[in-house]
**Student:** 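After the structure tokens below, expect a handful of questions from me.
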Amino acid sequence: MFANAQTIVQWMEQLAPKSMAVENDRIGLQLGSIRKEVGHVLVALDVTDEVVDEAIRLNAGLIIAHHAIIFRPLAHLQTDTPAGKLYEKLIKHDIAVYISHTNYDVAEGGMNDLMATLLQLTDVKVLETLQHEPLQKLVVFVPDTHAEQVRAAILDAGAGHIGAYSHCSFNVSGVGTFQPQDGTNPFIGHAGKLEEVKEARIETIVPKSIKSRVLQAMFKSHPYEEVAYDLYPVDLEGTAYGLGRVGKLVEPIALQELAERVKSKFDVPHVRVVGDLDRPIRKVAVLGGSGSRYVKHALFHGADVLVTGDIDYHTAHDALAAGLSIIDPGHNAEKMMKADVAARLQALADERGTQTRFHPSTVCTEPFQFL
């Protein structure tokens, strides 16, 4: 059994929700149909003519890419232009293209977390916060006999995280009253008779993104036919989500040694370096793609170096003057996402017993040659 492409897109959006994307970013389904089963999916950084040929050889019905193939509204679709030929080839071979860009950058475990992990950074924080996870307070009333069961279910489902602490809740005992009506099948009591039951009031925090999962766990574990519960917003900031990461190396190393580590871990042939190569580096900021405008953010967080691509000449001078070193591995360093996304989607597919295979593209889409 193969997975439906629409289901695969849902898996991708679990990893990188569309709501996390920067405003006006070109993400989502850009070409083709996902109303079909696919045996093979190609994960690519860019969708080029060579990448499409690779997808055709694999008989892939879907390409999941990081960089969009349609950046602005099309005025026409002429198939004698390079872009038009590319779209025509995709359509003729029934290959859909789905884009996950800044939402994957921002998401937990996405591009920027991957960069931080490869460089073995600790105490990692967001470089530029774009949003906080909305929080809600869940209050549920449970008979004392089942309080432990329900509490464990909702906390194991992800509720109750406060900072570095999990399974946080507040509990108080009281008396609940109810009168079952005709046609009901009460767990406790009888129709037409007012009942008084010793109950626990359980309160906990629920991130909005997992509300459905927590409520499902609550309903499944709760003994009552009708569950009494409340959900209301709280004026607290949840987990911060944003672009870039900043963290610390386990031990300080020289800028030159860190540059060599970036080359090795990011699998790039060369890096451009700004700063004294002997300078000891402890705090590192990372950002996938083009990071010229994030020099001030790195300085604000006290970073010794910013690892990012597409640094221009004048930005390099500004950083040098401000005391910030830079390691530029190029924009194509984002190719690290191919193996990561393919592996994570393959794990989800395997868990569900599908035969769909996910392939990281082997095509090099680096436009520059280094001589």
Side-chain angles (χ1 to χ4, degrees), residues 6 8-32 34 43-47 62-75 83 87 96-116 124-136 207-212 233-246 285-301 303 306-312 315 330-338 340-341 344:
Q6 197 163 9
I8 294 169
V9 164
Q10 291 173 354
W11 295 344
M12 189 65 217
E13 290 176 3
Q14 289 175 19
L15 302 180
K18 293 173 73 174
S19 61
M20 290 185 174
V22 172
E23 187 176 3
N24 297 322
D25 191 19
R26 305 306 186 194
I27 63 168
L29 181 66
Q30 287 207 312
L31 187 146
I34 54 174
V43 180
L45 176 61
D46 307 285
V47 182
L62 174 65
I63 296 175
I64 295 177
H66 191 56
H67 294 145
I69 60 169
I70 302 175
F71 293 96
R72 52 186 63 87
L74 297 174
Y87 305 150
V97 178
Y98 179 88
I99 304 300
S100 183
H101 188 221
T102 52
N103 48 325
Y104 174 71
D105 292 335
V106 168
E108 185 176 348
M111 182 75 73
N112 292 298
D113 279 334
L114 184 58
M115 294 175 72
V124 177
K125 295 180 174 60
V126 172
L127 187 63
E128 181 193 31
T129 298
L130 299 179
Q131 58 181 275
H132 285 87
E133 172 83 65
L135 297 177
Q136 295 179 317
K208 189 176 180 180
S209 63
I210 64 167
K211 179 182 73 173
S212 295
V234 292
D235 192 16
L236 296 171
E237 291 186 340
T239 302
Y241 293 103
L243 292 169
R245 300 291 185 265
V246 60
V286 298
L287 188 133
S290 300
S292 285
R293 78 176 190 88
Y294 289 90
V295 166
K296 291 182 179 179
H297 296 80
L299 288 168
F300 175 81
H301 285 280
L306 171 62
V307 180
T308 191
D310 297 346
I311 294 295
D312 64 86
T315 298
H331 204 126
N332 195 254
E334 290 186 312
K335 65 187 178 184
M336 65 180 71
M337 58 78 55
K338 296 187 293 185
D340 174 66
V341 171
R344 293 167 74 185

**Student:** So which atom in Leu29 and which in Ala96 form the shortest heavy-atom distance, rounded to 0.1 Å?
**Tutor:**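 Scanning both residues, the minimum pair turns out to be CD1-CB, 4.2 Å.
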**Student:** Taking C-beta and beyond as the side chain, do Leu127 and Tyr294 meet within less than 4.5 Å on heavy atoms?
**Tutor:**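 Contact flag for Leu127/Tyr294 side chains = yes.
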**Student:** Working to the nearest 0.5 Å, report the span between CD1 of Ile99 and CD1 of Ile27.
**Tutor:**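 Going from the CD1 atom of Ile99 to the CD1 atom of Ile27 covers 10.0 Å.
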**Student:** According to ring pair (Phe, Tyr, Trp, His ring centres under 6.0 Å), who are the partners of His67, at least two apart in sequence or on a separate chain?
**Tutor:**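 For His67, the residues satisfying ring pair (Phe, Tyr, Trp, His ring centres under 6.0 Å) (neighbours in sequence not counted) are His101, His331.
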**Student:** Holding to side-chain hydrogen bond (donor to acceptor under 3.5 Å, both in side chains), I want the full list of residues that pass it with Glu133, two or more places apart in sequence or in another chain.
**Tutor:**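 Glu133: side-chain hydrogen bond (donor to acceptor under 3.5 Å, both in side chains) contacts with Ser209.
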**Student:** Atom OG1 of Thr102 and atom CG of Leu130: how far apart are they, to the nearest 0.5 Å?
**Tutor:**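 Answer for the OG1-CG pair, Thr102 versus Leu130, is 8.5 Å.
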**Student:** Nearest 0.5 Å, what's the CZ-CG distance between Arg293 and Asp310?
**Tutor:**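 Those atoms lie 13.5 Å apart.
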**Student:** Using residues 14-24 as the side-chain source, report each donor-acceptor pair under 3.5 Å to any protein atom, sequence neighbours left out, with the distance given to one decimal.
**Tutor:**
none

**Student:** Which heavy atom of Ser292 sits nearest to which heavy atom of Asp312, and what is that distance?
**Tutor:**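 Here Ser292 and Asp312 meet closest at OG-OD2, 3.2 Å.
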**Student:** Are the side chains of Tyr104 and Met12 in contact, using a 4.5 Å heavy-atom criterion?
**Tutor:**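 Of all side-chain heavy-atom pairs linking Tyr104 with Met12, at least one is under 4.5 Å.
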**Student:** Where is the tightest heavy-atom contact between Val295 and Thr315, given as atom of each residue plus distance?
**Tutor:**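 Answer, listing the atom of Val295 first, then Thr315: CG2-CG2, 3.6 Å.
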**Student:** Taking C-beta and beyond as the side chain, do Asp340 and Met111 meet within less than 4.5 Å on heavy atoms?
**Tutor:**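 Side-chain contact under 4.5 Å: no.
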**Student:** With sequence neighbours excluded, tell me which residues meet salt bridge (charged side-chain N to carboxylate O under 4.0 Å, His left out) with Lys335.
**Tutor:**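 For Lys335 the salt bridge (charged side-chain N to carboxylate O under 4.0 Å, His left out) partners, ignoring immediate neighbours, are Asp267.
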**Student:** Over all heavy atoms of both residues, which pair between Arg72 and Arg26 is shortest? Give the atoms and the distance, please.
**Tutor:**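 It is CA-NH2, 4.3 Å.
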**Student:** Counting distance only, does the side-chain N/O of Tyr87 pair as donor-acceptor with the main-chain N or O of Ile69 below 3.5 Å?
**Tutor:**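 Present.
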**Student:** Are the side chain of Asn112 and the backbone N or O of Val106 linked by a donor-acceptor pair below 3.5 Å?
**Tutor:**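 Not confirmed, Asn112 side chain does not pair with Val106 backbone.
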**Student:** In Å and rounded to the nearest 0.5 Å, what is the OG1 to CG distance from Thr239 to Leu135?
**Tutor:**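 Result: 7.5 Å between the selected atoms.
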**Student:** Spell out, as yes or no, whether a donor-acceptor pair under 3.5 Å connects the side chain of His132 to the backbone of Tyr241.
**Tutor:**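 Looks like no, no N/O pair under 3.5 Å.
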**Student:** Would you give the length of the straight line joining atom NZ of Lys296 to atom CG of Leu306, rounded to the nearest 0.5 angstrom?
**Tutor:**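 One gets 14.0 Å once the value is rounded to the nearest 0.5 Å.
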**Student:** Just jot down the salt bridge (charged side-chain N to carboxylate O under 4.0 Å, His left out) partners of Lys208, sequence neighbours excluded, or say none.
**Tutor:**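 Salt bridge (charged side-chain N to carboxylate O under 4.0 Å, His left out) list for Lys208, sorted by chain: empty.
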**Student:** Find the distance between CD1 (Ile34) and CD (Gln10) and round it off to the nearest 0.5 Å.
**Tutor:**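 Ile34 CD1 to Gln10 CD: 8.0 Å, rounded to 0.5 Å.
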**Student:** Is any side-chain heavy atom of His66 closer than 4.5 Å to a side-chain heavy atom of Glu334?
**Tutor:**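 The answer is yes; the side chains approach within 4.5 Å.
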**Student:** Nearest heavy-atom pair of Val47 and Ala65: which atoms, and what distance?
**Tutor:**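 For Val47 and Ala65, the tightest heavy-atom pair comes out as CG2-CB, 3.6 Å.
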**Student:** Compare all side-chain heavy atoms of Val124 with those of Val246 and state whether any distance is below 4.5 angstrom.
**Tutor:**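 No; the side chains remain at least 4.5 Å from each other.
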**Student:** Are Tyr98 and Glu13 packed together at the side-chain level, in the sense that at least one heavy-atom pair is separated by less than 4.5 angstrom?
**Tutor:**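 With C-beta onward as the side chain, the pair touches.
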**Student:** Is any side-chain heavy atom of Asp46 closer than 4.5 Å to a side-chain heavy atom of Asn332?
**Tutor:**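 Yes, at least one pair of side-chain atoms sits under 4.5 Å.
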**Student:** Using the test side-chain hydrogen bond (donor to acceptor under 3.5 Å, both in side chains), find all partners of Asp113 that sit at least two apart in sequence or belong to another chain.
**Tutor:**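 Residues passing side-chain hydrogen bond (donor to acceptor under 3.5 Å, both in side chains) with Asp113: Arg245.
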